[in-house]
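Note sheet for the following structure.
Small disclaimer: the values here were computed from a predicted structure and weren't measured.
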Amino acid sequence: MLITDAALVDGRVRDVRVEGERISAVERGLTPDSDERVIPADGRLLFPGAIDVHVHFREPGFPHKETWETGSRSAAAGGVTTVVDQPNTDPATTTGAGFDAKATLAEASLVDYGINGGVTPDWEPDVLFDRPIFALGEVFLADSTGEMGIDAELFAEAVDRARDAGATVTVHAENADLFDEAAIESLEDDSDADSPPSSPTGRSAPADAWSAYRTAEAEIDAIERAVAVANDADAPVHVAHTSTPEGVDAAVDAGATCEVTPHHLFLSREDLPRLGTFGRMNPPLRSEDRRAALFERVADGTVDVIATDHAPHTVEEKEQPLLEAPSGVPGVETMLPLLLETVRQGRLEPERVRDLVAATPAKLFDLPQKGKVEPGRDADLVLVDPDRPRETQAGGLHSKAGWTPFEGLWGVFPELTMVRGTVVYTRDPETGAETFGPAVGENVRPEE
Ligand SMILES: [Zn+2]
């Protein structure tokens, strides 16, 4: 296959040859062989497939929210060619049986995938580390919250085991002791009232009650504690979905790496009157000042990675009152389009976006075959017209969730996505007609 006249992130225009699963040449003036398929890029942008190191594809256990097929279609249509799935499925990926159940279902994936092993009091570390797990995560240092939270002692044990196995620990850092219970107490008092909810957030809930409850201080404190434990053990730690600039600084200053989600980058507490319970996630949306400071740290290179925490729930589930609505928003399909729109607006450099969603995750998680458009690497490629954005609309997305918190925001969406040389998604920009390719996704894991 030959992709002609493709613009690369550094502005060079090159022909890109794909042989089998790999890129074999990135040069000028390549001529097609007689039997070679030619894809004319005509100066459009050829971007490396994005690597989303934080998704919840919900199988096994919750196929009404998402399946490996629908989640990976959503990824492919958003230019994500590798995902890393988190362990809070049913069964959880904390035992050999849990891993095996997920590994079988993941064979339905159109994109490559890693499977994280989880840590709970009944986890099976010996068995898990015998399996091809990607990393440990997201390990929830939060004492006991019913969300796979673990205490400091078990966290320290997990860090030791991961270090010995050469694995990274990805941590969800929120200290429940520092949550502001007063922010939601009045909602609990109201739960028996028989009047119907007057707003999506429930009767008397201020729109941003969840943000007031799960405080910034709870995140910052937990990051400091988690990174200190990892540093004591001389183990690599990666802080998931860092929602505050102070949290980013705490992680980076202590030598850890961190990720930021698109929702913490593009949404704030000011969006909650519109989003209602659809804007409930953990950690929650922060103030507009914190959001802007987070964007600065993304633009200047302080933040290592953008990952989505794609956590789909149905509309019916999210329409419940605030305390019953589950936490989480979908995002795997909109991450790259929203970031490429900021490039179009001149707010981020294209190379920076390449690093945030492809090159740096490939480097941090030892995937040397991925992350850049270079000879010898996997042909994980995304073709986009950088000057042709369209409005994000839930009806045009492919997650089972059926809604998006980014409704109405502009994005630069892919026209073609390829996973190791196989075209898994196309969209005709004139007609909007789409095609999906076969389930070629394979389990990938950090190189030893
Ligand atoms: Zn998550």
Under 3.5 Å, which donor-acceptor pairs do the side chains of residues 408-418 form with other protein atoms, sequence neighbours left out?
{"from": "Glu415", "atom 1": "OE1", "to": "Arg44", "atom 2": "NH1", "distance (Å)": "2.3"}
{"from": "Thr417", "atom 1": "OG1", "to": "Ala76", "atom 2": "O", "distance (Å)": "2.8"}

From CA spacing to verdict: side-chain contact (heavy atoms from CB on, under 4.5 Å), His64, His313: CA-CA 8 Å; His64 69 286; His313 300 285; over 6 Å; no
Polar side chain donor-acceptor pair, Glu259 to His238, under 3.5 angstrom: yes
Qualifying residues under ring pair (Phe, Tyr, Trp, His ring centres under 6.0 Å), relative to His264, sequence neighbours excluded: none
Ring pair (Phe, Tyr, Trp, His ring centres under 6.0 Å) involving Tyr113 - partner list, sequence neighbours excluded: Trp68
Beyond-backbone contact of Leu323 with Trp210, side-chain heavy atoms, under 4.5 angstrom: yes
Residue pairs, two or more places apart or on separate chains, that pass salt bridge (Lys or Arg N to Asp or Glu O under 4.0 Å) and touch residues 74-94: Asp85-Lys102
Ser243 and Glu219 side chains, donor-acceptor separation under 3.5 Å: yes
Modelled atom types, side-chain donor and acceptor of Asp309 and Thr261, under 3.5 Å: no
Contacts of Asp253 that satisfy side-chain hydrogen bond (donor to acceptor under 3.5 Å, both in side chains) - sequence neighbours left out: none
Set of residues satisfying ring pair (Phe, Tyr, Trp, His ring centres under 6.0 Å) with respect to Phe406, sequence neighbours excluded: none
Single hit among Glu296, Glu246, Glu270 for salt bridge (charged side-chain N to carboxylate O under 4.0 Å, His left out) with Arg290: Glu246
Close side-chain approach of Val227 and Val239, heavy atoms under 4.5 Å: yes
Side-chain donor-acceptor pair present, Asn88, His56, cut-off under 3.5 Å: yes
Any side-chain donor near an acceptor of the partner, His241 and His54, under 3.5 Å: no
Smallest separation among heavy atoms of Trp123 and Leu154, with atom names: NE1-CD1, 3.8 Å
Pair Ser287-Arg269, side-chain donor/acceptor within less than 3.5 Å: no
Arg73 to Phe436, cation-pi by 6.0 Å centre distance and 45° axis angle: yes
Short side-chain donor-acceptor distance under 3.5 Å, Glu124 and Thr94: no
